[in-house]
Amino acid sequence: MANNASAIKRHKQSEVRRIRNKSVKSAARTCAKKYTLAVVEKNADSATALLKELAHQLDSAARKGIITKNAAARKKSRMQKLYNVTFSAK
């Protein structure tokens, strides 16, 4: 446990940030699950809206430094690829 005032304050700050970061990551994962479910059900309209929302969530997390910019780009790319493969004209 922290022994001085500054260490106690830093610990409190890190706990607040950890909880905030956890909620942002959780929201992004929830959005990703909803999106993949829409793709599996072949619901193109819902999938399009959810893909846009997911991109926003990932960009927001990257902007806040919760995930890296490349991780956000990679996840968006994979989700877009899933959409393209599923809903492409055959």
Side-chain angles (χ1 to χ4, degrees):
M1 186 62 197
N3 291 323
N4 57 25
S6 62
I8 290 169
K9 181 178 178 181
R10 291 299 296 170
H11 181 68
K12 286 180 185 176
Q13 288 175 332
S14 69
E15 282 297 307
V16 169
R17 287 189 182 101
R18 183 183 66 83
I19 291 166
R20 189 178 304 133
N21 292 348
K22 186 177 173 185
S23 71
V24 171
K25 279 192 220 178
S26 178
R29 280 195 299 266
T30 300
C31 193
K33 286 177 187 176
K34 287 180 183 177
Y35 168 73
T36 53
L37 185 64
V39 170
V40 167
E41 293 176 347
K42 305 257 193 251
N43 189 347
D45 295 333
S46 177
T48 304
L50 287 168
L51 181 60
K52 186 176 179 183
E53 175 64 25
L54 177 59
H56 176 73
Q57 291 276 344
L58 292 172
D59 287 337
S60 177
R63 203 169 33 254
K64 294 173 184 177
I66 296 168
I67 61 173
T68 63
K69 186 173 77 167
N70 284 347
R74 182 179 64 243
K75 290 174 191 215
K76 288 191 308 185
S77 175
R78 287 178 180 169
M79 293 300 176
Q80 183 66 56
K81 189 175 178 182
L82 178 66
Y83 182 88
N84 292 343
V85 166
T86 306
F87 298 111
S88 65
K90 294 180 182 179

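Since the structure is predicted, the reported quantities are computational estimates derived from the model, not experimental observations. Excluded from the calculations below are hydrogen atoms, water molecules and symmetry mates; all remaining heavy atoms, backbone and side chain alike, are included. In this chain, numbering begins with 1 at the start of the sequence shown.
Under the 4.5 Å side-chain criterion, counting only non-hydrogen atoms from C-beta, Asp59 is in contact with Lys76. Gln80 has its side chain within reach of Asn84: a pair of non-hydrogen atoms, C-beta onward, lies under 4.5 Å apart.
With hydrophobic clusters built from ILVMFWY side chains whose heavy atoms lie under 4.5 angstrom apart, Val40 does not share a cluster with Phe87. Leu37 and Leu54 fall into different hydrophobic clusters, where Ile, Leu, Val, Met, Phe, Trp and Tyr side chains are chained together by heavy-atom contacts under 4.5 Å.
Residues Ala28 and Leu58 approach most closely at CB-CD2, 4.3 Å, considering heavy atoms. Closest of all the heavy-atom pairs between Glu53 and Cys31 is CG-SG, 3.5 Å. The two atoms that bring Val39 and Ala47 nearest to each other are CG2-CB, 4.1 Å, heavy atoms only.
Using a 4.0 Å cut-off between charged side-chain N and carboxylate O, Lys12 and Glu15 make no salt bridge.
Summarising the geometry, atom CG belonging to Asn21 is positioned 10.5 Å from atom OG belonging to Ser14; distances are rounded to the nearest 0.5 Å. Taking CZ of Arg10 as the reference point, atom CG of Asn4 lies at 12.0 Å (rounded to 0.5 Å).
Evaluation of the side-chain hydrogen bond (donor to acceptor under 3.5 Å, both in side chains) test over residues 25-51, restricted to residues two or more places apart or in two chains, returns Thr48-Tyr83.
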